[in-house]
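The structure presented is a predicted model; accordingly, all values stated were derived computationally and were not measured.
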Amino acid sequence: MSTPLAEVLAHLRVGNQKFLVDFYQQRRDVFARWALRQHQLGAPAAHVLLQGALLDFYDQVSDGRLTRLPPDVPAHVNQLAGLRLAAAAAPLPAAEASRRQQRLVQFHQLGPDCQRLLTYFYFHGYNFGRMSGKLGFANPAVARRQKGACLRRLVDLMDPPHGFRGHLDALERFADGALDEAAQEAFEQRLATDADLAAAHAAYEQFAADLRWAAGHDTLRLRLHLLDRRLDQRTTSLARLQRISRRHRWRSLLWAAAALLVALGTAVAWWATSRAPQREEGWATYYRLDPALALSTGQARSRPLLAQALAEYRAGHYPTALHTLGRLSPNEIGADTLNYYRGLFLLQSGNNEAAQLPLHRLAQVMGGPLARRALYHLGMAYWRAQQPAAARDALRRVAADSLNPYQTSALRVLAAGELDPRP
């Protein structure tokens, strides 16, 4: 017999998806063999099918369709996969399924920061203090305001507008526990007597439940996708290591030590002569200019020297631009801004080591207005100066900072592996 309200199901309902992630990791290859035998599916298609079946399993637990842990979970997952292939899975009522899918689409229309913030609050159940620490907010009050702003963006995406929109402020404060004891009691009394408010409260609770499902569904989908990539990479690496091992054993019978040294010397010489231009080409491909290097008409009139320096910079006359910039006084635009421009000009002119000093000084100013931008350009200066370890460290810090305007550019460089140690 299945156990009612099994501990595994309780964990899934409160956002702990470890059971399904571990299941995928342990059963992926077994499921692929079953899918090949039963449905003639290749490994990649089988992996996608297993991810879909586990998402169906999670949805059934979330909405209460599954209240008992099946006695044979692998067999139950295989059955869900078979139903998915036959397009015969038992659906939710049409209205509820449509509402959920709309909520999921609207959730994806939010920016990544709002998605992360709402997931922390509605799916993981973090309080505002923990959210402020996770996301780098100054205090819990800032986290509450940011959550409210993201929630309103999601509500505004709904078409037609939801009926609880007029009561949203009061409903949100009540649900978040932001009211004092007297106000909480007064609001509960209003719920008992005000039919319009009671209907809005029920609609808000349904909205929050759908949002919790959307965040959990998306979190599980991404976790399974990333796990699948890691497992594929591990399988590829193991196969590559086995091929290399067999090749080395074969070569050890054919090549003498002298021939191996000659081949190694040739490979090192080729790498040394060809790697530098490739690195420079890669740098130019990934480097992103600062869009702030443009002045409005009014700014150009009030700061003619700065406007001239920027115009020379955009035209590629970097020594001339540096000379013009040197005529500016720090009192005119601020010492930090002057150092920032000087670092950018030096970097584009090829003076990578000289560019590092002003950019490094600005990047160390915690909370400074130019610190995040300077850190990205400092990392690119390290890269261009053939210092991949320092460049990788700086760009990882940029990629980890969701508030850095260059986060996406840094993630592209790191994902491409341009700065990884070369074999």
Look up atom [atom1] in [X] and atom [atom2] in [Y], then write down how far apart they are to the nearest 0.5 Å.
X: Leu346; Y: His377; atom1: CG; atom2: NE2; value: 13.0 Å
X: Leu154; Y: Gln115; atom1: CG; atom2: CD; value: 10.0 Å
X: Gln308; Y: Thr324; atom1: CD; atom2: OG1; value: 4.5 Å
X: Met380; Y: Leu375; atom1: CE; atom2: CG; value: 12.0 Å
X: Glu418; Y: Tyr286; atom1: CD; atom2: OH; value: 4.5 Å
X: Leu80; Y: Leu54; atom1: CG; atom2: CG; value: 8.5 Å

[X] side chain near [Y] side chain, heavy-atom distance below 4.5 Å:
X: Arg384; Y: Gln348; answer: yes
X: Asn139; Y: Ser132; answer: no
X: Phe128; Y: Val142; answer: no

**Item:** Sole candidate of Arg116, Arg130, Lys147 that passes side-chain contact (heavy atoms from CB on, under 4.5 Å) when paired with Leu135
**Value:** Arg116

**Request:** Report the C-alpha distance between Val413 and Trp383 in whole Å, list the side-chain angles of each, state the deciding distance to 0.1 Å, and finish with yes or no for side-chain contact (heavy atoms from CB on, under 4.5 Å).
**Result:** CA-CA 11 Å; Val413 176; Trp383 181 8; 3.8 Å; yes

**Request:** Please work out which of the three classes, parallel, tilted or perpendicular, describes the rings of Tyr287 and Tyr376, given edges at 30° and 60°.
**Result:** parallel

Those residues that, when tested against [X], pass side chain to side chain contact (heavy atoms under 4.5 Å, CB included) (two or more places apart):
X: Arg27; value: Phe23, Val30, Pro74
X: Asp194; value: Arg190, Asp196, Leu197
X: Ala183; value: Leu179, Asp180
X: Leu357; value: Arg361

**Message:** Evaluate Arg145 against Phe137 for side-chain contact (heavy atoms from CB on, under 4.5 Å), listing each step before the verdict.
**Reply:** CA-CA 10 Å; Arg145 288 196 298 271; Phe137 296 135; over 6 Å; no

Compare every heavy atom of [Y] with every heavy atom of [X], then report the nearest pair and how far apart it is.
X: Leu378; Y: Leu359; answer: N-CD1, 3.9 Å
X: Met131; Y: Ala143; answer: CB-CB, 4.4 Å
X: Pro140; Y: Gly129; answer: CG-CA, 3.8 Å
X: Gly379; Y: Ala394; answer: CA-CB, 3.7 Å
X: Gln146; Y: Leu117; answer: CB-CD1, 3.7 Å
X: Gln407; Y: Ala400; answer: NE2-C, 4.4 Å

**Prompt:** Under the side-chain contact (heavy atoms from CB on, under 4.5 Å) criterion, do Leu41 and Leu36 qualify, and how do the steps go?
**Reply:** CA-CA 5 Å; Leu41 291 179; Leu36 178 63; 6.0 Å; no

**Message:** Strictly below 4.0 Å, N to O, side chains only: are Arg153 and Asp156 in salt-bridge contact?
**Reply:** no

**Request:** Walk me through it: do Arg397 and Asn404 pass the test side-chain contact (heavy atoms from CB on, under 4.5 Å)?
**Result:** CA-CA 9 Å; Arg397 290 165 58 194; Asn404 196 303; over 6 Å; no

**Prompt:** For the side chain of Arg392 and the backbone of Leu419, is there at least one donor-acceptor N/O pair under 3.5 Å apart?
**Reply:** yes

**Request:** Please answer whether the main-chain N or O of Ala354 pairs with a side-chain N or O of Asn351 as donor and acceptor at a distance below 3.5 Å.
**Result:** no

**Request:** Would you check, one step at a time, whether the test salt bridge (Lys or Arg N to Asp or Glu O under 4.0 Å) holds for Arg396 with Asp393?
**Result:** CA-CA 5 Å; Arg396 280 175 178 169; Asp393 179 66; over 6 Å; no

**Request:** Would you please test Tyr382 and Gln356 for side-chain hydrogen bond (donor to acceptor under 3.5 Å, both in side chains) and show each step?
**Result:** CA-CA 7 Å; Tyr382 283 142; Gln356 292 173 17; 4.6 Å; no

**Request:** Check ring-ring contact (aromatic ring centres under 6.0 Å, His included) between His76 and all other residues, then give those that pass, not counting sequence neighbours.
**Result:** Phe57

**Item:** Counterpart residues, ring-ring contact (aromatic ring centres under 6.0 Å, His included), relative to Phe31 (two or more places apart)
**Value:** Trp34

**Request:** Answer yes or no: are there more than 12 heavy-atom neighbours, outside Glu185 itself, under 6.0 Å from its atom CD?
**Result:** no

**Message:** Pair Tyr318, Phe345 - check ring pair (Phe, Tyr, Trp, His ring centres under 6.0 Å), show working.
**Reply:** CA-CA 6 Å; Tyr318 304 121; Phe345 289 9; 7.9 Å; no

